[in-house]
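One structure is given below, encoded as structure tokens.
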Amino acid sequence: MTTPAAISDLRREYAMMSLDRHDVLDDPMQQFRRWFEDAQRASLPEPNAMTLATVDAAGRPSARVVLLKAAESDGFVFFTNYDSRKAAELDASGFAALVFLWKELERQVRVEGRVARVSSEESSAYFAMRPRGSRLGAWASPQSAVIPDRAWLEHALTDAEARFSGTEVPCPPQWGGYRVVPDVVEFWQGRPSRLHDRIRYRKASDGWAIERLAP
Ligand SMILES: Cc1cc2nc3c(=O)[nH]c(=O)nc-3n(C[C@H](O)[C@H](O)[C@H](O)COP(=O)(O)O)c2cc1C
């Protein structure tokens with residue numbers, strides 16, 4: 001069997017940094033912000049890109065990338081279309097998982113927890129900050145629906161432009177945010193010989209249990 005070059009590259013050693021129980025903060029959101037700031041300082045192209053995993057009623061998982069827009073003490077916020085596949089699965093199951101990969105720093109963060117829609121005020125406030133083109137696109141695109149062709153989408157955008165010509169573009173009722181409130185957060189730091197460091201926070205009755213997992 002031949003191994004493509006891009007795959008054989010994965011055999012490289014991870015040796016940049018280490019992570020120990022004593023290195024991490026007591027609160028996982030604070031620890032996340034510390035690592036997120038590291039990713040920003042390292043000028044990674046899109047440090048806020050994260051994989052969002054959902055599960056349908058039959059237990060079938062699906063995953064896609066979305067952009068983190070806030071990471072405050074109460075959880076991880078992203079925005080999307082409430083009529084999309086992900087929204088249906090999030091609303092029905094009430095749970096989500098997130099994965100960040102900052103591979104230049106040899107780091108991964110995994111998050112699991114309950115998910116809920118943010119308030120319509122919060123969604124509208126964020127929507128108002130988006131560029132006009134993105135706001136019109138949100139009106140034009142029935143995210144996750146089957147559409148006939150590209151021309152249909154461009155026509156829908158033209159309709160939205162006409163509808164809101166000369167006025168502000170309000171937040172569509174089907175557009176808004178979700179907040180993932182973590183009960184498990186794991187920080188992974190690559191180490192030599194595949195003996196990676198994994199520090200996992202687990203929500204306990206009296207705060208966060210912090211444990212090391214085998215790689
Ligand atoms: C880098 C990147 C960022 C993205 N950000 C978002 C986002 O913030 N919100 C969103 O709804 N979709 C985003 N998408 C598109 C999603 O990956 C996905 O195609 C879309 O949300 C439909 O998913 P669904 O049909 O499973 O609901 C992004 C895609 C990429 C590659």
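Just so you know, ligand 1 is whichever comes first in the structure, and atom 1 is the first atom listed for that ligand.
- Those atoms of ligand 1 that come under 4.0 Å of a heavy atom in Ser144, given as number and element, are 24 (P), 25 (O), 27 (O).
- Side-chain contacts under 4.5 Å among hydrophobic residues (ILVMFWY), followed directly or transitively, place Ile147 together with Trp152, Leu153.
- Between Arg33 and Glu37 there is no salt bridge, since none of the side-chain N atoms of the basic residue sits less than 4.0 Å from a carboxylate O of the acidic one.
- For atom 22 (C) of ligand 1, the closest non-hydrogen atom on the protein side is Lys86 NZ, 3.6 Å.
- With respect to Glu186 and Arg110, a salt bridge is recorded, a charged nitrogen being found less than 4.0 Å from a carboxylate O.
- The nearest non-hydrogen atom to atom 28 (C) of ligand 1, considering only Thr80, Val65, Thr54, Val66, comes from Val65.
- Trp188 does not carry Arg107 over the face of its six-membered ring by the limits of under 6.0 Å from the centre and within 45° of the normal.
- At least one N or O atom of Gln143 sits closer than 3.5 Å to an N or O atom of ligand 1.
- Residue-to-ligand polar distances place Leu67 within reach of ligand 1: an N/O pair is separated by less than 3.5 Å.
- Within ligand 1, counting atoms from 1 as listed, the ones closer than 4.0 Å to a heavy atom of Ser84 are 27 (O).
- There is no protein heavy atom closer than 4.0 angstrom to atom 19 (O) of ligand 1.
- Side-chain rings of Phe187 and Trp35 approach one another, their centers coming within less than 6.0 Å.
- The pair Asp74-Arg179 meets the salt-bridge criterion, with a side-chain N (NZ, NE, NH1 or NH2) lying under 4.0 Å from an Asp/Glu carboxylate O.
- Both tests hold for Arg163 against Trp139: distance to the six-membered ring centre under 6.0 Å, angle to the ring axis within 45°.
- With a 4.0 Å cut-off on non-hydrogen atoms, Phe79 touches ligand 1 through its backbone and not its side chain.
- Remark: ligand 1 and Arg64 share an N or O pair separated by less than 3.5 Å (distance only, no angle test).
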